Amino acid sequence: MKIVVLDGHTLNPGDLDWSALEAIGEVTIYDRTGTDESLIVERASGAEIVLTNKTILSADTIGKLPDLKYIGVLATGFNTVDGAAAAARGIPVANIPTYGTDSVAEMVFAHLLGFARRVDKHAHDVAAGGWAK
């Protein structure tokens, strides 16, 4: 089974292990692919599984990938994939619905506390020597 990751750097800047994915098929990982449809098709050609994050899979692109059987979005949204085109071909599209759930909640509370207590102002004052004065 041929598996292509179109923009692996957005998910894995180098600190994750792809071996679990490599155990189920022949994996090709591209750091970034961009928006050039001909490049997307060239890279994903022959793949049964395509994983993407930021790279757009339009109806036209999906139509040019006859071997495609599954699209995985390495994020929470589906906006990078033409879901209707995939559905028309019987290609399931899945995302990662709980991606970053804990860290998003932590960030919300960090910002709430930061705004309420003006942590940024105090940190700036300390860095500028204000605390010592």
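These numbers come from the heavy atoms of this one structure, side chains and all, not from hydrogens, waters or symmetry mates. Here the structure is a predicted model, which is why all the values come from computation and not from measurement.
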Shared ILVMFWY cluster between Ile3 and Ile71, side chains joined below 4.5 angstrom?
no

Say you draw a straight line from CG of Leu74 to CG of Asp7; how long is it, rounded to the nearest 0.5 Å?
7.0 Å

Path from Ile29 to Leu51 over hydrophobic side-chain contacts below 4.5 Å
yes

Show me the donor-acceptor pairs, under 3.5 Å and distance only, between side chains in residues 76-96 and residues at least two apart or in other chains.
| residue | atom | partner | partner atom | Å |
| --- | --- | --- | --- | --- |
| Asp82 | OD1 | Ala84 | N | 3.2 |
| Asp82 | OD1 | Ala85 | N | 2.9 |
| Arg89 | NH1 | Ile62 | O | 2.6 |
| Arg89 | NH1 | Leu65 | O | 3.4 |
| Arg89 | NH2 | Leu65 | O | 2.8 |
| Asn95 | ND2 | Thr76 | O | 2.4 |

Can you tell me how far apart CG (Leu39) and CG (Leu6) are? Round to the nearest 0.5 Å.
8.5 Å

Hey, is the main chain of Gly63 close enough, under 3.5 Å, to the side chain of Asp60 for a donor-acceptor pair?
no

Hey, could you give me each pair passing salt bridge (charged side-chain N to carboxylate O under 4.0 Å, His left out) that has a residue in residues 20-44? Not counting sequence neighbours.
Glu37-Lys64

Is the number of heavy atoms from other residues, nucleotides or ligands under 6.0 Å of His124 NE2 greater than 12?
no

From Ser45 atom OG to Leu68 atom CG, the distance as rounded to the nearest 0.5 Å:
11.0 Å

I'd like to check Asn12 versus Trp18 (side-chain heavy atoms, cut-off strictly below 4.5 Å). Are they in contact?
yes

Atom NZ of Lys2 with >12 non-hydrogen neighbours under 6.0 angstrom:
yes

Nearest heavy-atom pair of Asp120 and Gly114: which atoms, and what distance?
OD1-O, 4.4 Å

Between Asp67 and Lys69, is there a side-chain N and carboxylate O pair less than 4.0 Å apart?
no

Roughly how far apart are Thr55 OG1 and Tyr30 OH, rounded to 0.5 Å?
11.5 Å

Could you state whether Ile40 and Val50 fall into the same hydrophobic cluster, counting links through intermediate Ile, Leu, Val, Met, Phe, Trp or Tyr residues with side-chain heavy atoms under 4.5 angstrom apart?
yes

At what distance, to the nearest 0.5 angstrom, does OG1 of Thr33 lie from CD1 of Ile56?
12.0 Å

Residue set satisfying ring pair (Phe, Tyr, Trp, His ring centres under 6.0 Å) with Phe109, at least two apart, ordered chain then number -> none

Rounded to the nearest 0.5 Å, how far apart are CD1 of Ile49 and CD1 of Ile24?
5.0 Å

Would a single hydrophobic cluster contain both Val126 and Val119, if residues Ile, Leu, Val, Met, Phe, Trp and Tyr are joined by side-chain heavy-atom contacts under 4.5 Å?
no

